There are 2 protein chains.
Amino acid sequence: MHNGRVLTIGQFSQFTHLSVRTLRRYHDAGLLEPAQVDETSGYRYYTADQIPTAQVIHRLRELDVPIVDVRQILRSPDPAVRGELVADHLRRLEAQLDRTRAAVASLHRLLQPERAQLDVEVRHVPAVTVAAVEGEVGSDDVLDWYAGAMAELDAVVSSPAGSPGGLYDNSLFETGRGHLLVYRATENPPSVGRVHPVTLPPVDLAVATHVGEHDDIDVTYGELGAWVVNNALAVDGPVRETYLVGPRDTSTSTAWRTEIGWPVFNVTP
Amino acid sequence: MHNGRVLTIGQFSQFTHLSVRTLRRYHDAGLLEPAQVDETSGYRYYTADQIPTAQVIHRLRELDVPIVDVRQILRSPDPAVRGELVADHLRRLEAQLDRTRAAVASLHRLLQPERAQLDVEVRHVPAVTVAAVEGEVGSDDVLDWYAGAMAELDAVVSSPAGSPGGLYDNSLFETGRGHLLVYRATENPPSVGRVHPVTLPPVDLAVATHVGEHDDIDVTYGELGAWVVNNALAVDGPVRETYLVGPRDTSTSTAWRTEIGWPVFNVTP
DNA sequence: TTGGACCCTCTCCCAGGGGGAGGGTGCACA
DNA sequence: TGTGCACCCTCCCCCTGGGAGAGGGTCCAA
């Protein structure tokens, strides 16, 4: 170990606590270019002033920031922009943390030996013409799409009747994309922007009510599914959700009430 | 979609919000055996009472519990044991969260445009015979090994002199394993259990003090490394850490003081 | 000059998913 | 009773971000 101003990859590795392998990968990925690369031997040489950069990379990777995003952060010359990108990721981390908390809570509920029986009711829903917004949405974008569509509906529908609702294509969870429709019932549905009148077909629905946030709504889906299997023949067709009490109505998310309606026929009581 | 008691994988997928692909993988991995598998066609059939199990798996996977551990949890018949395994993972999650918090804090410090200059002092350390515990340790086990070794030292060394210290093989961060040595200086070092006298060779050390917990001690390592590169020729040899103020001395981890000593020679002032 | 530590590239492996090819099944409707 | 089509099967490759090792070149000090 013996030279003054320039470090071999092994020396640099000792100063940064990044493995030689990882440093090579970061070079290949364009994250951390060695200060100098010997053309004939391919040896990578680093300088001491690259150590802070390596450490920033180390921290970002510890926070599971994808390598491409790390590259973007490092390459933005403006520190303000860089700070904003980092802040973005920290917000993402927060959101992830919320989801983790919700999953822990849901897991506890699932593991409780005795759980309350789900009330399921079969209800005939006649055809109705509503103001709706439709779209093909990837499962990652559902929440954003939903918020935008509902805002547009609210802006256009002046005197809504009943609670807002949505129709969910079953393929959403399978292919990652699916047809979504959100609606508000109203007289004389307008046709403005994405909002247009849609006639929902009549169905028989097996309806259960999910209480609380939607993080563990799949549990209610599962319980409703079990009921449907044992009491009816399910039919293909989008699931209908109705937002009896949602974020627009209350600030306490434990008070949310969401009706889930699964299309069924031939109920065997 | 049409049968009463038994579900195809696609139907089960809709009720559990797990993709068909993932269900097949969980079958192969022994997580969720279908209630019935057609011998000739290989078709998987599930029943409604498998839905809760699928949901527990879903939650555990959301929490990044490895599939092998999920299998272990599901296969433990005793609910108390199962609860303990889950609690284990939640504790691991907490620890992970602490590390994330530390990384965020460290990142903020790293991104501050002006950072305090590190004080580095070159110090000659004469040879000294100490009571030591040595071992080859994998990098994942360092903390545990350290705690055990230090406890053993404390139990055996009755009148220690100065602060405890450690020697860290540089290969630790490279190969994932390395030689570790922790010591306490004392007169007439005893030889009991793993504790035995070791004579540490004399060295010149470039010494810097790291303040606070060790989550971001690599930053101080890096700054010290930069100093060493610019002011000395580093020599091979284990890094020496001295725990001036550590968890044994204070309950406020921001008050920790750790000296890092890098072996150097030929200092160029 | 030679030995040994160091460095290079290349290929394979891992988890835990996604995507698609190529082909067999089941069921409703004609 | 066919036939079409949605569904299911297995097998293989891809992704990220690492680790492991083979086979061979390079640097430097003794």
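The structure displayed is predicted, hence computed values, not measured ones. The chains referred to below are lettered A, B, ... by the order of the sequence lines, with proteins before strands, and numbering in each begins at 1. Just so it is clear, the values below take in all heavy atoms, side chains as well, and ignore hydrogens, waters and symmetry mates.
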Inset, instruction - Let me know, please, whether A/Val68 or A/Thr40 comes out on the 5' side of the other along DNA chain D by nearest nucleotide. - result: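 Result of the comparison: A/Val68.
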Inset, instruction - For atom CD of A/Glu39, decide whether the heavy atoms of other residues, nucleotides or ligands shown that lie under 6.0 angstrom number more than 12. - result: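 For A/Glu39, atom CD is not crowded (no more than 12 foreign heavy atoms under 6.0 Å).
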Legend entry - B/Leu143 atom CG, neighbour heavy-atom count above 12 within 6.0 Å: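 No, because the 6.0 Å sphere around CG of B/Leu143 holds 12 heavy atoms or fewer from other groups.
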Considering only side-chain heavy atoms of [X], which listed nucleotide, [options], is closest?
X       : options                : value
B/Arg25 : C/dG16, D/dC8, C/dC6   : C/dG16
B/Thr22 : D/dG21, D/dG18, C/dG18 : C/dG18
B/Pro66 : C/dC7, C/dG16, D/dC8   : C/dG16
B/Tyr26 : D/dG18, C/dG17, D/dC8  : C/dG17
A/Arg44 : C/dC8, D/dG19, C/dG17  : C/dC8
B/Arg21 : C/dG20, D/dG19, C/dG16 : C/dG20
B/Ser19 : D/dG25, C/dG18, D/dG18 : C/dG18
A/Ile9  : C/dC8, C/dG16, D/dG18  : C/dC8
B/Arg24 : C/dG26, D/dT10, C/dC6  : D/dT10

Legend entry - N/O donor-acceptor pair under 3.5 Å between A/Asp169 side chain and A/Gly178 backbone: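 Here the side-chain-to-backbone pair does not exist.
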Inset, instruction - For C/dG17, take OP1 and OP2 only and decide whether either is under 4.0 Å from a side-chain N or O of B/Arg61. - result: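 B/Arg61 to C/dG17 OP1/OP2: side-chain N or O found under 4.0 Å.
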Inset, instruction - Using only side-chain N and O atoms of B/Thr8, determine if any of them is under 4.0 Å from OP1 or OP2 of D/dC8. - result: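 For D/dC8, OP1/OP2 do have a side-chain N/O of B/Thr8 under 4.0 Å.
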Atom pair distance, as rounded to whole Å: [atom1] in [X] and [atom2] in [N]:
X       : N      : atom1 : atom2 : answer
A/Asp38 : D/dC28 : CG    : P     : 10 Å
B/Gln36 : D/dC8  : CD    : P     : 15 Å
B/Asp69 : C/dA15 : CG    : P     : 12 Å
B/Leu63 : C/dA15 : CG    : P     : 20 Å
B/Arg71 : C/dG16 : CZ    : P     : 10 Å
A/Leu23 : C/dT9  : CG    : C1'   : 16 Å
A/His27 : D/dG17 : NE2   : P     : 18 Å
A/Tyr45 : D/dC28 : OH    : P     : 7 Å

Inset, instruction - Look at B/Arg59 together with A/Asp218 and state whether they make a salt bridge at an N to O cut-off of under 4.0 Å. - result: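 Yes, this pair counts.
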Legend entry - NZ/NE/NH1/NH2 to OD/OE distance under 4.0 Å, B/Arg25 and B/Asp28: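 No, this pair does not count.
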Inset, instruction - Give a yes or no on whether the ring-centroid distance for B/Phe15 and A/Trp227 is below 6.0 angstrom. - result: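 Between A/Trp227 and B/Phe15, which both carry aromatic rings, the centre distance is not below 6.0 Å.
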Legend entry - 5'-most by nearest nucleotide on DNA chain C - B/Asp64 or A/Tyr43: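 Nearest-nucleotide comparison on DNA chain C picks A/Tyr43.
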Inset, instruction - Specify the residue among B/Ser41 and B/Val65 whose closest nucleotide of DNA chain C lies further upstream toward the 5′ end. - result: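 Result of the comparison: B/Val65.
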